[in-house]
Amino acid sequence: MKILIPIVLLFATVSGLGQTTGFATPSYSKGGKLIALTDIEGLSDCPTKNLTGRVKKVKVRDNIVTFRLGARGGPMVQLDLNRLADSEKRVILLDMIRARYYVRVAAYACDADAPLSPFSIYRENDPTR
């Protein structure tokens, strides 16, 4: 019984350390293009939304990328570049978040008026072409 309590405390500590925040996980195509980013945001209790559409009005300010998804009046998405490794920071605006590219975004919608916070972004083929 004396050894059970330290073992339980050890497992509780290890599981807490395993949940530290890291960088987002990239996926590349065979041609070397960035096609997916997952684990961008940590877990949240906020409701989620899954959206697809063309990227429009990309703005970059202080390591924050904001873009509109879909037609005029579509939702705004805000991505924090600090959650990305340096190698992905350089290519995300070239390979994935670029005007007229078609993407699928899974995001948290914590506030109705605030921009969406994505936890994964996937580049897809445009269904109209």
Ser120 and Val105, any side-chain heavy atoms less than 4.5 Å apart: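 Val105 vs Ser120: side chains apart.
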4.5 Å side-chain heavy-atom contact, Tyr28 and Val91: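 Yes. Closest side-chain heavy atoms under 4.5 Å.
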Looking only at non-hydrogen atoms, find the nearest pair between [X] and [Y] and report the distance.
| X | Y | answer |
| --- | --- | --- |
| Val58 | Ala99 | CG2-N, 4.2 Å |
| Ala106 | Asn50 | CB-OD1, 3.2 Å |
| Leu93 | Arg98 | O-CB, 3.8 Å |
| Asp95 | Gly32 | OD2-O, 4.2 Å |
| Pro118 | Leu79 | CG-CD1, 4.1 Å |

Other residues, nucleotides and ligands only: do more than 12 of their heavy atoms fall within 6.0 Å of NZ on Lys49?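 Atom NZ in Lys49 is not packed in, count stays at 12 or less.
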Looking at Asn82, I'd like to know if its CG atom is crowded, meaning that more than 12 non-hydrogen atoms belonging to other residues, nucleotides or ligands lie closer than 6.0 Å.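 Atom CG in Asn82 is packed in, count exceeds 12.
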Working to the nearest 0.5 Å, report the span between [atom1] of [X] and [atom2] of [Y].
| X | Y | atom1 | atom2 | answer |
| --- | --- | --- | --- | --- |
| Thr66 | Lys59 | OG1 | NZ | 8.0 Å |
| Ile97 | Ile92 | CD1 | CD1 | 4.0 Å |
| Ile121 | Leu69 | CD1 | CG | 9.5 Å |
| Met96 | Glu124 | CE | CD | 10.5 Å |
| Thr48 | Phe119 | OG1 | CZ | 5.0 Å |

Between Arg68 and Met76 (side chain of the first, backbone of the second, donor and acceptor by atom type, cut-off under 3.5 Å), is there such a pair?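 Not confirmed, Arg68 side chain does not pair with Met76 backbone.
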Please say whether the positively charged group of Arg123, taken as NZ for Lys or CZ for Arg, lies over the ring of Tyr102, i.e. under 6.0 angstrom from the six-membered ring centre and within 45 degrees of the axis.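 Checked: cation-pi criterion not met.
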Begin from the C-alpha positions of Leu116 and Gln78 and carry the test side-chain contact (heavy atoms from CB on, under 4.5 Å) through to its verdict. CA-CA 6 Å; Leu116 301 173; Gln78 190 172 40; over 6 Å; no
Shared hydrophobic cluster, Val55 / Leu51 (ILVMFWY, side-chain heavy atoms < 4.5 Å):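 Shared cluster, yes.
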Does Val65 belong to the same Ile/Leu/Val/Met/Phe/Trp/Tyr cluster as Tyr122, with side-chain heavy atoms less than 4.5 Å apart forming each link?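 No, it is not one cluster - the side chains of Val65 and Tyr122 are not joined through contacts under 4.5 Å.
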